[in-house]
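In what follows, a structure is listed as structure tokens, so that the remarks can point back to it.
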Protein chains: 2
Amino acid sequence: MKSNKAPTIKDVAKKSHTGIATVSRVINNSGKVSENTKNRILKAIDELGYTPNLHARSLSSKKGNSISLVIPDMGEFYGILYKYIEKNLAQMGYRVIVFPLVDEISLAKIKNKADLIYQTDAVFISSLSVRKIFKDKIPQKKLILVDSKDDRFDSIYIDNYDIGVKAAEYLLSKSKTTEKYLLISFKELENDFTSHVFKYRDEGFLDTMKKHKKRVKKIDADLYWDGGYEAMKKYSSKNSINKSKVNVFATCDMLGFGVRNFFNEKNLLPNKNYNLIGVDDIPISKVIGLTTIHQPLELMADNAVGIFKKFLENKEKKITHKKIESKLIVRET
Amino acid sequence: MKSNKAPTIKDVAKKSHTGIATVSRVINNSGKVSENTKNRILKAIDELGYTPNLHARSLSSKKGNSISLVIPDMGEFYGILYKYIEKNLAQMGYRVIVFPLVDEISLAKIKNKADLIYQTDAVFISSLSVRKIFKDKIPQKKLILVDSKDDRFDSIYIDNYDIGVKAAEYLLSKSKTTEKYLLISFKELENDFTSHVFKYRDEGFLDTMKKHKKRVKKIDADLYWDGGYEAMKKYSSKNSINKSKVNVFATCDMLGFGVRNFFNEKNLLPNKNYNLIGVDDIPISKVIGLTTIHQPLELMADNAVGIFKKFLENKEKKITHKKIESKLIVRET
DNA sequence: CTGAAAGCGCTTACAG
DNA sequence: CTGAAAGCGCTTACAG
């Protein structure tokens with residue numbers, strides 16, 4: 001009867017009548033090993049059902065072969081980002097470990113210095129503020145920001161102020177003088193999760209509208225699928241929505257979704273009764289014909305991985321800041 | 001000038017004039033340590049910015065303090081499941097590492113015996129077939145199936161055949177003799193990702209309809225936000241949709257979403273012109289008023305973690321099969 | 001091409 | 001309450 005414990009490299013060595021160093025070589029495909037011994041070892045590995053212990057490997061090699069990806073929530077948007085990053089890194093033999101900051105518990109875990117996140121070779125942080133998350137105890141790791149910016153760290157980012165400007169210009173191009181302008185946005189709470197992306201989008205939009213002497217009514221909405229709907233409902237209860245065209249900037253597609261729903265329900269038509277633009281270009285936006293501002297996730301992922309690669313190669317200390325252009329996608333609304 | 005390397009337990013011991021065993025004790029809060037030495041050690045840890053090496057810890061303690069969660073994709077649905085599992089496990093000091101099988105690459109990684117997944121203390125598999133994923137090389141780990149069933153492993157599952165039955169009964173209760181019945185479903189490819197959930201839902205629905213002598217038109221759809229829409233468009237190009245009421249079972253809410261969109265666009269009304277039921281009860285379903293069959297994710301997560309807890313306690317070998325009841329949620333459609 | 005040995009940074013009896 | 005020492009399963013010079 002076999003022992004219950006998982007077989008180790010020692011067991012493999014014994015069974016194949018070699019030393020552990022040689023076994024290690026064939027496992028890692030490093031160094032020269034004769035065909036004959038190699039086959040003996042492979043056979044033993046197979047028969048034993050041997051699996052290398054990653055902890056031992058990492059401990060002795062000083063490499064984790066993994067990176068962390070910190071994201072604000074686990075939804076479709078970040079799923080896409082994950083996919084692009086994973087695709088790149090998998091080829092390099094790296095694992096990407098996801099850390100969704102879904103609640104206070106997961107935030108607390110990350111702040112604990114004994115957490116897994118501190119064992120990975122680099123930390124990719126998406127859409128979140130390093131300062132807020134880690135406070136003063138920033139991990140002594142390679143940090144790469146994706147979709148946000150911090151002077152102290154490598155950053156791949158999009159100019160959110162510019163997004164607001166683009167949204168304003170789109171709506172202005174579609175409208176005449178006497179129309180109404182609405183800004184439906186999420187009012188971020190000042191806590192550890194705050195990213196300020198909404199704030200910047202708001203500002204870009206508001207500033208541009210002011211420049212064109214347009215008055216804008218701002219409405220706070222919940223960051224949820226019906227957030228935009230409820231905001232519009234509230235607005236329409238005090239303002240007429242049929243008299244003149246309404247132009248709406250929803251600062252993310254999730255909010256845009258709700259707004260679109262609202263207009264549909266009232267049988268109001270895009271271009272005629274309203275215009276609407278969102279941000280993100282999540283998959284569902286295409287389906288509902290929502291005009292939006294696209295965030296090039298693939299490009300961001302590629303750039304982030306590129307920085308990581310360079311880091312691995314020559315440990316260069318220079319910090320890279322790469323700005324990615326967002327793109328207007330005109331659809332029905 | 002300080003050394004570049006990360007401080008180890010040895011450095012802490014030296015700085016606090018103790019042994020590494022004692023340092024280990026205060027880090028892990030185990031055993032008795034006098035207040036005085038404890039404070040000295042804590043101070044040293046803080047000054048050094050010491051972080052325990054998890055690989056070393058796992059290697060010597062034989063515990064990973066983590067579990068794997070394998071999911072078919074990274075979207076809102078599994079995000080919710082993750083959240084519930086994580087909430088439970090975090091309190092126990094465990095990390096949950098997500099393995100989204102988004103493409104062939106990620107599948108290949110999992111099959112590699114050297115993968116991270118084999119280092120965790122247990123593997124939770126959601127909505128996927130163990131047989132298909134791991135083939136004959138099933139990991140010698142505690143496997144817990146969430147939302148699927150396998151006689152060989154602990155399973156928390158929902159009866160998908162029964163879901164089909166429930167959907168049929170709902171539509172029958174809303175309809176009269178002469179009406180039309182549509183089944184809009186995803187035709188699973190026979191590959192490693194196949195879970196057969198759709199197949200069982202189809203069967204439960206079809207069998208029940210047959211029992212009631214109703215003819216059903218089945219339409220294959222893409223598993224995407226506009227899958228249901230396209231399916232309906234195809235159907236309506238050859239069949240009238242206005243004459244008599246149409247009753248549709250979309251085998252998941254994502255498909256139901258598209259169907260609902262289609263009817264909206266045609267200005268057709270629920271209960272009057274059509275009835276529609278989906279499955280899953282994803283957040284967006286509530287917003288669009290989609291009648292659906294709810295999957296109790298929280299309950300499933302709790303049960304799965306419960307099994308894991310028992311496993312940790314007494315290493316019991318008995319396999320648990322727990323069936324969870326799905327629940328009809330009636331909304332507008 | 002191959003193997004014995006040191007060492008990675010911890011935990012855990014063990015002895016005091 | 002405390003510390004020296006063995007051991008976890010690997011990788012990597014080093015010597016052959």
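Residue numbers begin at 1 in each chain, while the letters A, B, ... track the order of the sequences. All heavy atoms count here, side chains included; hydrogens, waters and symmetry mates do not.
For A:Ile97, the side chain to side chain contact (heavy atoms under 4.5 Å, CB included) criterion is met by A:Ser66, A:Phe99, A:Leu116, A:Thr120, B:Ile97, B:Leu116, not counting sequence neighbours.
Checking B:Ser127 against B:Asp147 by side-chain atom types alone, a donor-acceptor pair falls below 3.5 Å.
Using the six-membered ring where Trp is involved, A:Tyr157 and A:His321 have ring planes that are perpendicular, over 60° apart on the 30 and 60° scheme.
Counting only distance, with no hydrogens or angles, the side chain of B:Tyr118 and the backbone of B:Ile110 share a donor-acceptor pair below 3.5 Å.
From the 5' end on, the contacts that DNA chain C makes with chain A at under 4.0 Å to a non-hydrogen atom open and close at C:dC1 to C:dG9.
Note on A:Ile20: a base of the nucleic acid sits closer than 4.0 angstrom, heavy atoms only. Here B:Thr18 lies in heavy-atom contact (under 4.0 Å) with sugar-phosphate atoms only. Heavy atoms of A:Ser30 sit nowhere under 4.0 angstrom from any nucleic acid atom.
Between B:Asp115 and A:Arg95 there is a salt bridge, since a side-chain N of the basic residue sits under 4.0 Å from a carboxylate O of the acidic one.
Between B:His17 and B:Lys62, the one whose closest nucleotide on DNA chain D sits nearer the 5' end is B:His17. Checking A:Arg25 against A:Lys10, the closest nucleotide of DNA chain D that is more toward the 5' end is the one next to A:Lys10.
Atom CD1 of B:Ile67 is separated from atom OH of B:Tyr94 by 10.0 Å, given to the nearest 0.5 angstrom.
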